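Read the structure below first, then the notes.
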Amino acid sequence: MRRVLYWVVFAAGAAFYAAMLLWTLPEIQDAAGGLVPFDIRPLGYSHAEALEFLAALNPQGLALYLGPQKWLDLAFPALLGIFLAWSFVRLGPGIAPRAFLVVAALSVTAFDYLENIRVRAMLLAGADATTEAMSWAASLATLVKSGLVTFCLIALLALVLWRGWRWLRRAS
C-alpha cells in the first residue's frame, strides 16, 4: 500500500507540474509580452526585470497568476517535498545522510512557499508599488529554491544510480 501511495504522490506532483508548464506559465508568459514568469527564473531577477514583468503583465495574465497558477503552486511544492523526502528515506545510505537529504527536500517546499508569498506581494502591489526590497527578497527565495531543487534532484539521481549499481553487482 505504501508503494502505491508513493507513486500516487509522484503522479499527482507530475500532473500539477505539467499543468503549470503546459498551461498556466506559458499563458502568463504570453500575457507579459513574452517575459518569463518569476517562478521559472532559476537565476533570479533584478528589480528592473521584476518591474518590467509587472508592467508588461496584462489583467488576464495577472488573474491567471493569482488564480489557477496560485492554486497549482499551492499543491505542487508539498507534493514535490513529500516525494523527495520519501525517496531519500527509501534510498538514502544511513541515518545522517537520509536526515540531511530529507531536510533539504523539506527546505525546497519551504522556499517554494516563501517564493510564492513574495511573488504574490509583488503581483498585488504592481509595478508602481513594488520596492527593490520586495523584488530582491522574492528573487532570493527563487534562487535558493532553485538551488535546493537542483541539489535534491542530483542527489536523487545519484541514489538511484548507486542503488542500481549495487543491485547489478549482487545480480552478477
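Throughout, residue positions are numbered sequentially from 1 according to the sequence presented. The structure displayed is predicted, hence computed values, not measured ones.
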- Item | Side chain to side chain, W23 and L72, heavy atoms closer than 4.5 Å | yes
- With hydrophobic residues grouped by side-chain heavy-atom distances under 4.5 Å, do L74 and I82 end up in a single group? no
- Item | Closest contact, heavy atoms only, G81 versus L106 | O-CD2, 4.3 Å
- So which heavy atom on A63 is nearest to which on P68, and how close? O-CD, 3.9 Å
- Note on the structure: dist K145:NZ -> T150:OG1 (nearest 0.5 Å) comes out at 10.0 Å
- Can you check whether F53 reaches I28 side chain to side chain, under 4.5 Å on heavy atoms? yes
- Message: Minimum heavy-atom separation for P77 and N116, please, with both atom names.
- Response: CG-ND2, 4.2 Å
- Item | Working for side chain to side chain contact (heavy atoms under 4.5 Å, CB included), residues L80 and T109 | CA-CA 7 Å; L80 178 61; T109 300; 5.6 Å; no
- Message: Is there a side chain to side chain contact (heavy atoms under 4.5 Å, CB included) between N58 and L62? Walk through the geometry before answering.
- Response: CA-CA 6 Å; N58 68 30; L62 179 62; over 6 Å; no
- Query: Do V102 and L84 have side-chain heavy atoms sitting under 4.5 Å apart?
  - Reply: no
- Pairs where residues 105-148 contributes a residue and the test ring pair (Phe, Tyr, Trp, His ring centres under 6.0 Å) is met, not counting sequence neighbours: none
- Message: So, using ring pair (Phe, Tyr, Trp, His ring centres under 6.0 Å) as the criterion, who are the partners of Y65 when residues are at least two apart?
- Response: none
- CG/L168: more than 12 non-hydrogen atoms of other groups inside 6.0 Å: yes
- Using the test ring pair (Phe, Tyr, Trp, His ring centres under 6.0 Å), find all partners of Y6 that sit at least two apart in sequence or belong to another chain. F83, W86
- Does I40 share a hydrophobic cluster with I117, counting links as ILVMFWY side-chain heavy atoms below 4.5 Å and allowing steps through other members? no
- Task: Kindly indicate, with the supporting measurements, whether the criterion side chain to side chain contact (heavy atoms under 4.5 Å, CB included) is fulfilled by Q29 and L35.
- Result: CA-CA 5 Å; Q29 186 167 343; L35 297 175; 5.9 Å; no
- Does one hydrophobic cluster hold both V160 and V9, with members joined at side-chain heavy-atom distances below 4.5 Å? yes
- Task: Would you indicate whether the side-chain heavy atoms of L101 and L91 approach each other to under 4.5 Å?
- Result: no
- Can you see which heavy atom on A50 is nearest to which on M122, and at what distance? CB-SD, 4.4 Å
- Establish, yes or no, whether the cationic atom of R166 lies under 6.0 Å from the six-membered ring centre of W162 and within 45° of the ring axis. yes
- Query: Among the clusters formed by ILVMFWY side chains lying less than 4.5 Å apart, do L124 and W71 turn up in the same one?
  - Reply: no
- Item | Gap between atom CG of L25 and atom CG of D30 - 0.5 Å precision | 11.0 Å
- Message: Within this structure, what is the OG1-CG distance for the pair T130 and L54, rounded to the nearest 0.5 Å?
- Response: 4.5 Å
- Query: OG1/T142 to CZ/F38 distance, rounded to the nearest 0.5 angstrom?
  - Reply: 8.5 Å
- Going by the angle between their ring planes, with limits at 30° and 60°, are Y17 and F76 parallel, tilted or perpendicular? parallel
- Message: I need the minimum non-hydrogen distance between A137 and R118, along with the two atoms involved.
- Response: O-NH1, 3.0 Å
- How far does CG of L43 sit from CG of L143, to the nearest 0.5 angstrom? 7.0 Å
- Item | Cluster overlap V89 with L5, hydrophobic side-chain contacts below 4.5 Å | yes
- Below 4.5 Å, heavy atoms only, C-beta onward: do L51 and D128 meet side chain to side chain? no
- Side-chain touch E27/Q69, heavy atoms, less than 4.5 angstrom: no
- In Å and rounded to the nearest 0.5 Å, what is the NZ to CZ distance from K70 to R120? 4.5 Å
- Of all heavy-atom pairs linking S146 and P42, the shortest is OG-CA, 3.3 Å
- Query: Is any side-chain heavy atom of L57 less than 4.5 Å from a side-chain heavy atom of P37?
  - Reply: no
- Item | side chain to side chain contact (heavy atoms under 4.5 Å, CB included) between R3 and R90, intermediate numbers included | CA-CA 10 Å; R3 180 172 284 191; R90 290 179 68 189; 3.8 Å; yes
- Message: For a 4.5 angstrom cut-off between non-hydrogen side-chain atoms, does L114 reach V144?
- Response: no
